[in-house]
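Whatever order the structure lists ligands and atoms in, that order sets their numbers, starting from 1. Side chains are part of it too, since the values below use all heavy atoms of this structure and drop only hydrogens, waters and symmetry mates.
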Amino acid sequence: MERTLSIIKPDAVAKNIIGQIYSRFEEAGFKIVASKMIHLDNYLAGGFYAVHKNRPFYGELIEFMTSGPVMVQVLEGENVVVRHREIMGTTNPKEADSGTIRADFAKSLDENAVHGSDSLENAAIEIEYFFGKDGVFPRTR
Ligand code: RTP
Ligand code: MG
């Protein structure tokens, strides 16, 4: 059984749609096996997005991700890394398929409502970054 890291970004938390996004996860058959709300600071957001450090949008990305609280969760399911990216929709919500989270809830490329790990390897790194080695409840036995 796979796990992936999901973040409901500051725009979606501010819009009060955590529950609607959680419903999408549940409708897809994913289990939420860990969750917490945190307000990222520059250090935590910078560490998370270190791969984008030299990209032109990095400054705006960090400013946005630290602008308010986020909801961070670990999702579990079969092939969940890829399936979660599918129900999120493409990075730019204007290009996202209708019925995806970003098409339905996101405003722009910069403020695109959700994050999802892009590979199994990065999922493991990102889960440990936010929840540590023992921070995820073993719901599947
Ligand atoms: P995420 O990491 O947040 O799940 O999004 P993603 O994989 O779909 O996109 P990624 O390439 O990893 O970029 C991370 C976030 O940076 C912002 N971005 N802005 N202005 C731009 O050209 C641009 N490109 C990316 C987006 O908010 C994206 O989610
Ligand atoms: Mg990404």
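Nearest to atom 3 (O) of ligand 1 among the protein's heavy atoms is K9 NZ, 2.8 Å. Among all protein heavy atoms, the one lying closest to atom 2 (O) of ligand 1 is H115 ND1, 3.0 Å. The nearest protein atom to atom 8 (O) of ligand 1, hydrogens excluded, is given as T91 OG1, 2.4 Å; this is a heavy-atom distance. Distance from atom 24 (N) of ligand 1 to its nearest protein heavy atom, with residue and atom name: F57 CE2, 3.4 Å. With respect to atom 12 (O) of ligand 1, the closest heavy atom belonging to the protein is H52 NE2, 3.0 Å.
Residue contacts with ligand 1 include R85, since one of its heavy atoms falls under 4.0 Å from the ligand. Residue contacts with ligand 1 leave out F64, since none of its heavy atoms falls under 4.0 Å from the ligand.
Side-chain atoms of K36 come within 3.5 Å of backbone N or O of F130 as a donor-acceptor pair. Distance alone, capped at 3.5 Å, is enough to place a donor-acceptor pair between the S117 side chain and the L5 backbone. Listed for the R102 side chain is a donor-acceptor partner under 3.5 Å among the backbone atoms of V114.
For the residue pair T90 / E95, no side-chain donor-acceptor distance below 3.5 Å is found, with atom types taken as modelled.
Side chains of S35 and M71 form a contact here, defined as non-hydrogen atoms less than 4.5 Å apart. Put simply, the side chain of L75 reaches to within 4.5 Å of the side chain of I32, judged on heavy atoms.
Of the candidates R102, M65, E60, R102 brings a heavy atom nearest to atom 5 (O) of ligand 1. In the candidate list V51, N112, I62, D110, N112 is nearest to atom 29 (O) of ligand 1, counting heavy atoms. Evaluated by nearest non-hydrogen atom to atom 27 (O) of ligand 1, the leading choice among L61, D118, L109 is L109.
Using cut-offs of 30° and 60° for the angle between ring planes, the F48 and Y129 rings count as tilted.
Below 4.0 Å from some heavy atom of G116 lie the following atoms of ligand 1, by number and element: 4 (O).
Both tests do not hold together for K9 against F64: distance to the six-membered ring centre under 6.0 Å, angle to the ring axis within 45°.
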